[in-house]
Amino acid sequence: MEGSYLFDLYKSLNADERAAFAVFADANASESQKNAGKISTLIGLLQQSVTTGRRLEKGQVYGALFPGEQQKEGKLEKIMTGANQLLKTFLLQRQYFSPQNELERQVDWVHLLKERGLDSWRQKSLQKLQKIQQSQAPHDLGHYHLQFRIDFAAYQNEAAHNQLKGDLHVPDALQSLDLYYHIARLELVNHYLLQRKVTNLSADAMRALPAAHPIPPPYFTTSPVLLIAHKISELLRQELPPLADFQELSQLLQEHEASIAPDLLQQFYTYLRNFCAFLINAGANELLPLFHQLQRDNLARGYLYHEGGRISASAYLSVTTGALRVGNIAWAQDFVENHRHRVIGDNAGHDLYRLNKALCLFASGQFEAALDDIAPVFDFLNYTLLAKRLEVKILYELQSDLLPYKAGAFKIFITRASQRFMPDELRRPNADFINVIHQILRSRPGQAARSERLLRRMQTKPRIAERDWLMEKISQLK
């Protein structure tokens, strides 16, 4: 039973939902149906399993539903299908009649009144709905979709009573349709543009994105959401966002926070943090304190968390490294420990936690302890690259004889990975890092001239990985 669609769906219910579903099932599993009682029994077994944590075997369930009978193919599945249908109906009704869906229901009600020919009541309901929508704030994509539905209903109402005067509400309906279209399109485009920066897409996928659609300038005044989404799209289309444009986006977000829904604001701040990281990786170290403060602010406001209060692996790493790069080691250690069980996708013995812990140990000079906490392979490419760089740095600090071999193995990994799945934006900084490591290993202490040449070479590589650490080690060659 475990791993079945029914079991997983039922397990996703919280205690209040399970209690409500039991009442719903009793009321809706018709007693005239032959399997109504068996469906109720199956739901009871599911409840016991989820509550006690005991496994629910298929043979056990079959025996409870059909005592004394030999197992027959498809018989249990029929009962499960009936329970599935009940649970699906329950969840859909609960969603549709939730308070958050009130305005969508009101639009549906206006259409229902139209279909029943109750025009006067439809007009009154529509006017009430328009007033409610005007008072709604803040805005998200759902708001613009709902606004179009309301304006389209108003157009239908005007067209049904066309007295050959007025604009039939067509301009308003077209504007709300345009706003919804452009905002929805930018949401998709922006996510795609960001994906192109962090993964190696095929040539066909890189060409797949159509050209940008022109947006009428007055719409930007009408909708701050559209203005900010458009600004993000402009920045993502550039290899490196200009500092002035990044600052403009930051100011726009602060200025219009009150008119943007929390979920969308969370998404916008994710882009802002990414832009800040891009600039820092390109050498704008003066932004490091701002980046750390932005992460702490977003963390406190819940913008880094997903459902269930969990945090993505990339955000976990970014917050840790951001704090360490400004020297806030104690804060980073507390963050790593407090979030060790809240990382999404960490199913490999908490290896992500161990690597973040290793970063803190390395920053505090505990090199051997840090080395013990590095796992060899991760599901996430950025973690794998970081782990290999950290291992090389630790072996350098320990003056280990293993360093040349590990550095060579890392170089081979980069070459092979770049041919298969690593985008150039990741390949270049890591390839440059390992090349400089080899140049340092070929140097001898006291070679001031060589050290100066390497430092000048580093100035031409602002996006090299581990730049600050490399500069320090090159300077020590003097």
Side-chain angles (χ1 to χ4, degrees), residues 192-208 239-240 274 277-278 280-283 313-314 317-318 321 345 348 351-352 354-356 358-359 362 367 370-371 373-443 450-451 453-474 477:
Y192 180 79
L193 291 172
L194 181 61
Q195 188 74 358
R196 294 204 310 189
K197 289 182 176 293
V198 297
T199 190
N200 195 14
L201 298 179
S202 67
D204 289 340
M206 292 291 282
R207 291 191 296 265
E239 184 176 352
L240 185 66
N274 279 320
F278 293 157
I280 290 170
N281 290 338
S314 59
L317 175 60
S318 180
T321 54
D351 287 341
L352 304 183
R354 289 172 56 206
L355 181 56
N356 279 271
L359 290 169
F362 179 84
F367 303 127
L371 192 61
D373 267 316
I374 302 176
V377 180
F378 296 87
D379 292 335
F380 306 94
L381 179 58
N382 59 337
Y383 269 86
T384 300
L385 292 169
L386 175 62
K388 291 181 179 298
R389 293 198 309 269
L390 181 59
E391 185 179 39
V392 168
K393 288 163 60 179
I394 292 172
L395 293 176
Y396 182 93
E397 297 289 358
L398 295 175
Q399 295 295 295
S400 170
D401 294 337
L402 291 175
L403 176 57
Y405 304 102
K406 289 293 185 180
F410 187 20
K411 188 170 186 176
I412 293 172
F413 172 82
I414 294 170
T415 302
R416 291 176 177 173
S418 62
Q419 295 170 353
R420 295 168 51 206
F421 54 82
M422 188 188 299
D424 197 50
E425 286 79 0
L426 284 179
R427 182 196 64 80
R428 280 182 296 170
N430 285 278
D432 287 343
F433 164 78
I434 206 65
N435 287 336
V436 172
I437 286 291
H438 283 299
Q439 292 174 43
I440 293 175
L441 291 178
R442 290 195 293 268
S443 305
R450 180 173 175 81
S451 174
R453 285 198 303 273
L454 287 176
L455 286 173
R456 285 196 298 271
R457 218 172 280 167
M458 287 290 291
Q459 297 299 331
T460 67
K461 300 179 183 297
R463 302 182 70 174
I464 189 172
E466 313 292 348
R467 188 174 188 274
D468 295 343
W469 182 83
L470 288 172
M471 296 280 284
E472 178 187 334
K473 300 308 148 187
I474 293 171
L477 291 174

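Proximity of L398 to L403: side-chain heavy atoms (C-beta onward) are nowhere separated by under 4.5 Å. Counting heavy atoms from C-beta on, the side chains of L454 and L470 never come closer than 4.5 Å. A heavy-atom distance below 4.5 Å is found between the side chains of F410 and L385. The closest side-chain heavy-atom distance from K473 to K393 is not below 4.5 Å.
The aromatic rings of W469 and Y396 lie perpendicular to each other, with more than 60° between the two planes, well past the 30° mark.
Residue I464 comes nearest to P429 through the heavy atom pair CG1-O, 3.8 Å, listed as atom of the first residue, atom of the second, then distance. Across every non-hydrogen atom of A387 and I374, the tightest pair is CB-CG2, 3.8 Å. Summarising the geometry of A431 relative to I414, their closest heavy-atom pair is N-CD1, 3.9 Å, with the distance given to 0.1 Å. Smallest separation of non-hydrogen atoms from L441 and P404: CD1-CA, 4.4 Å. For A358 against L390, the heavy-atom pair with the smallest separation is CB-CD2, 3.9 Å.
Because its NZ or CZ atom is both nearer than 6.0 Å to the ring centre of F413 and within 45° of the ring axis, K388 counts as a cation-pi partner of that residue.
Partners of R389 according to the salt bridge (Lys or Arg N to Asp or Glu O under 4.0 Å) rule, which considers only residues two or more places apart in sequence or in another chain, are E466. Listed by chain and residue number, nothing satisfies the side-chain hydrogen bond (donor to acceptor under 3.5 Å, both in side chains) test with R453 (two or more places apart in sequence, or in another chain). For L240, the side chain to side chain contact (heavy atoms under 4.5 Å, CB included) partners two or more places apart in sequence, or in a different chain, are F278, L279, A282. Taking F367 as the reference, F362 meet the ring-ring contact (aromatic ring centres under 6.0 Å, His included) condition, with sequence neighbours excluded. Applying the side-chain hydrogen bond (donor to acceptor under 3.5 Å, both in side chains) test to N356 and every residue at least two apart in sequence or in another chain returns T320, Y383. Residues satisfying the side-chain hydrogen bond (donor to acceptor under 3.5 Å, both in side chains) test with S318, not counting sequence neighbours, are Q295. Residues passing the side-chain hydrogen bond (donor to acceptor under 3.5 Å, both in side chains) test with S314 are S312, sequence neighbours excluded.
Between the CD1 atom of I434 and the CD1 atom of I412 there is a distance of 10.5 Å, given to the nearest 0.5 Å.
Listed by first and then second residue, the salt bridge (Lys or Arg N to Asp or Glu O under 4.0 Å) pairs involving residues 398-412 are E391-K406 (not counting sequence neighbours).
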**OP:** Kindly indicate, with the supporting measurements, whether the criterion salt bridge (Lys or Arg N to Asp or Glu O under 4.0 Å) is fulfilled by E472 and R467.
**Re:** CA-CA 9 Å; E472 178 187 334; R467 188 174 188 274; over 6 Å; no

**OP:** Decide side chain to side chain contact (heavy atoms under 4.5 Å, CB included) for D351 and D373; before the verdict, give the C-alpha distance in whole Å, the side-chain angles of both, and the deciding distance to 0.1 Å.
**Re:** CA-CA 8 Å; D351 287 341; D373 267 316; over 6 Å; no

